There are 2 protein chains.
Amino acid sequence: MSESDGFEDLVGRLSSLPGIGRKTALRLAFHLLGHRELAADLASAIGNAVETIHRCESCRNLTEEQLCEICRDSGRRERICVVETPADLRSIEEAGLFRGRYFVLHGLLAPLDGIGPSDLGVDLLRSRIEEGGIEEIILALDSTAEGDATAVYLSRALESAGVLVTRLARGLPPGAAVEFADSLTLTEAFQGRRKV
Amino acid sequence: MSESDGFEDLVGRLSSLPGIGRKTALRLAFHLLGHRELAADLASAIGNAVETIHRCESCRNLTEEQLCEICRDSGRRERICVVETPADLRSIEEAGLFRGRYFVLHGLLAPLDGIGPSDLGVDLLRSRIEEGGIEEIILALDSTAEGDATAVYLSRALESAGVLVTRLARGLPPGAAVEFADSLTLTEAFQGRRKV
């Protein structure tokens, strides 16, 4: 190889990104070095975003302001949807199905990795509920072991606040065939069955 | 959306990279904002690479020095392998099949896009041949219309230099079935047939 340490450093850092393997990292690095202006702009866009974008003081969503756009919208109150990541928030907003506020945990409980309630901002969430006016907390967390454990923890931690805590329905996703559904999905679908 | 201009700017620049669509760009942007140290390191790695890595004065390969590692290796002479990109060079080096020097065109002839011989460094290549000691120029270009046109141009441009110019063999790739080969591949394979 005749490439340099700087090149290997760039490839290494690119391949540490999610979904970027070494082959893709190499292709990106070569592309960046062949398009220097684009590369310089990307570097400053990353630097700029890291510097100016931080967590909303009220809901921990990403924003350049003190409060994010959703928290500044006085029409969106009464309900708080708790999500793991800003990406989850974005998916729900894009579906256009929810007109309330959010709370972003930036993670799920993982005691073995040292991620506890304080990392998820549970005290901030509780203080928001205590301000009053909240009717329901919707836990929109992944239906995984970590998501379930976090949902159980949160529902207990918020019990004393006297607010309704719900979580997203489980069952067959739309379009799914019973024949090919795995047993866990079928179990959840049976347990959650409803009167037609 | 409660995200900011800085966020949209970052997503836009990420999705201008090859193979990165908007969904992936969003995922990368969220990841970068969730891992600020990694993001800052990536930004400086890009900036550093763009600043320190340039073209080798002799072969236009990427390097941090005046001459790239391959050109500094006195054992590699006699043959020059002409490639389109540093990525092509890397693939050939990794295959470990060639012990000569390279010349990187950084493109192929494309008159309609204004890419002519001077952009490909043809004068520099010719002056390297005129320095003497070169027995063969191997054109290792893509077997596409642009690759073929560039190969034809180069073989004519280097004719006067009195050096053997060859190009890579065409034919069935190893493991390919005659039944499923397209007619262009079969035509090339017939034309290039050899005595067993």
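In what follows, chains are A, B, ... by sequence order, proteins preceding strands, each numbered from 1. Predicted, not measured: the structure shown is a model, and the values here were computed from it.
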Please tell me whether [X] and [Y] are part of a single hydrophobic cluster in this structure, the criterion being side-chain heavy atoms less than 4.5 Å apart.
{"X": "B:V83", "Y": "B:V122", "value": "no"}
{"X": "B:L108", "Y": "B:I80", "value": "yes"}
{"X": "A:L120", "Y": "A:F103", "value": "yes"}
{"X": "A:V82", "Y": "A:L97", "value": "no"}
{"X": "B:L26", "Y": "A:I20", "value": "no"}

Item checked: Structural part of B:N48 lying under 4.5 Å from a heavy atom of chain A -> side chain
Note to self: Using 0.5 Å steps for rounding, measure from the CG atom of A:L42 to the CD1 atom of B:I46.
What the structure shows: 4.0 Å
Looking only at heavy atoms, what is the nearest atom pair of [X] and [Y], with distance?
{"X": "B:A49", "Y": "A:G6", "value": "CB-O, 4.3 Å"}
{"X": "B:G47", "Y": "A:A43", "value": "N-CB, 4.2 Å"}
{"X": "B:P86", "Y": "A:F30", "value": "CB-CE2, 3.4 Å"}

Note to self: Check whether B:R36 reaches the backbone of A:V50 with its side chain - one donor and one acceptor, N or O, closer than 3.5 Å.
What the structure shows: yes
Would you say [X] and [Y] make side-chain contact, with heavy atoms under 4.5 Å?
{"X": "B:T63", "Y": "A:F7", "answer": "no"}
{"X": "B:L38", "Y": "A:R13", "answer": "no"}
{"X": "B:L17", "Y": "A:L32", "answer": "yes"}

Note to self: Applying side chain to side chain contact (heavy atoms under 4.5 Å, CB included) to A:D41 and B:D9, what does each step give before you reach the verdict?
What the structure shows: CA-CA 10 Å; A:D41 287 348; B:D9 180 48; over 6 Å; no
Checklist line | Residues from residues 135-154 of chain B approaching chain A under 4.5 Å (heavy atoms) | finding: none
Margin query: Only heavy atoms, only distances under 4.5 angstrom. Which residues in residues 179-193 of chain B are near chain A?
Written below: none
Next item on the list: Evaluate the salt bridge (Lys or Arg N to Asp or Glu O under 4.0 Å) criterion for residues A:E94 and B:R22: first the C-alpha distance (whole Å), next the side-chain angles of each, then the deciding distance (0.1 Å), finally the verdict.
Entry: CA-CA 14 Å; A:E94 282 183 344; B:R22 188 164 166 85; 5.8 Å; no
Check: So what's closer than 4.5 Å to chain B heavy atoms on A:L14: side chain, backbone, both or neither?
Finding: both
Note to self: Between A:L33 and chain B, with a heavy-atom cut-off of 4.5 Å, which part of the residue counts as in contact: side chain, backbone, both or neither?
What the structure shows: side chain
Checklist line | Partner set under side chain to side chain contact (heavy atoms under 4.5 Å, CB included) for B:A176, not counting sequence neighbours | finding: B:L172, B:P173
Notebook entry, point to check: Sequence neighbours excluded, which residues qualify as side chain to side chain contact (heavy atoms under 4.5 Å, CB included) partners of B:P18?
Noted result: A:R27, A:L28, A:H31
Margin query: Shorter than 4.5 Å, heavy atoms on both sides: which option in B:A45, B:C71, B:A39 has the most such pairs with chain A?
Written below: B:A45
Margin query: Taking atom CD as the centre, does B:E37 end up with more than 12 heavy-atom neighbours from other residues, nucleotides or ligands that are less than 6.0 angstrom away?
Written below: no
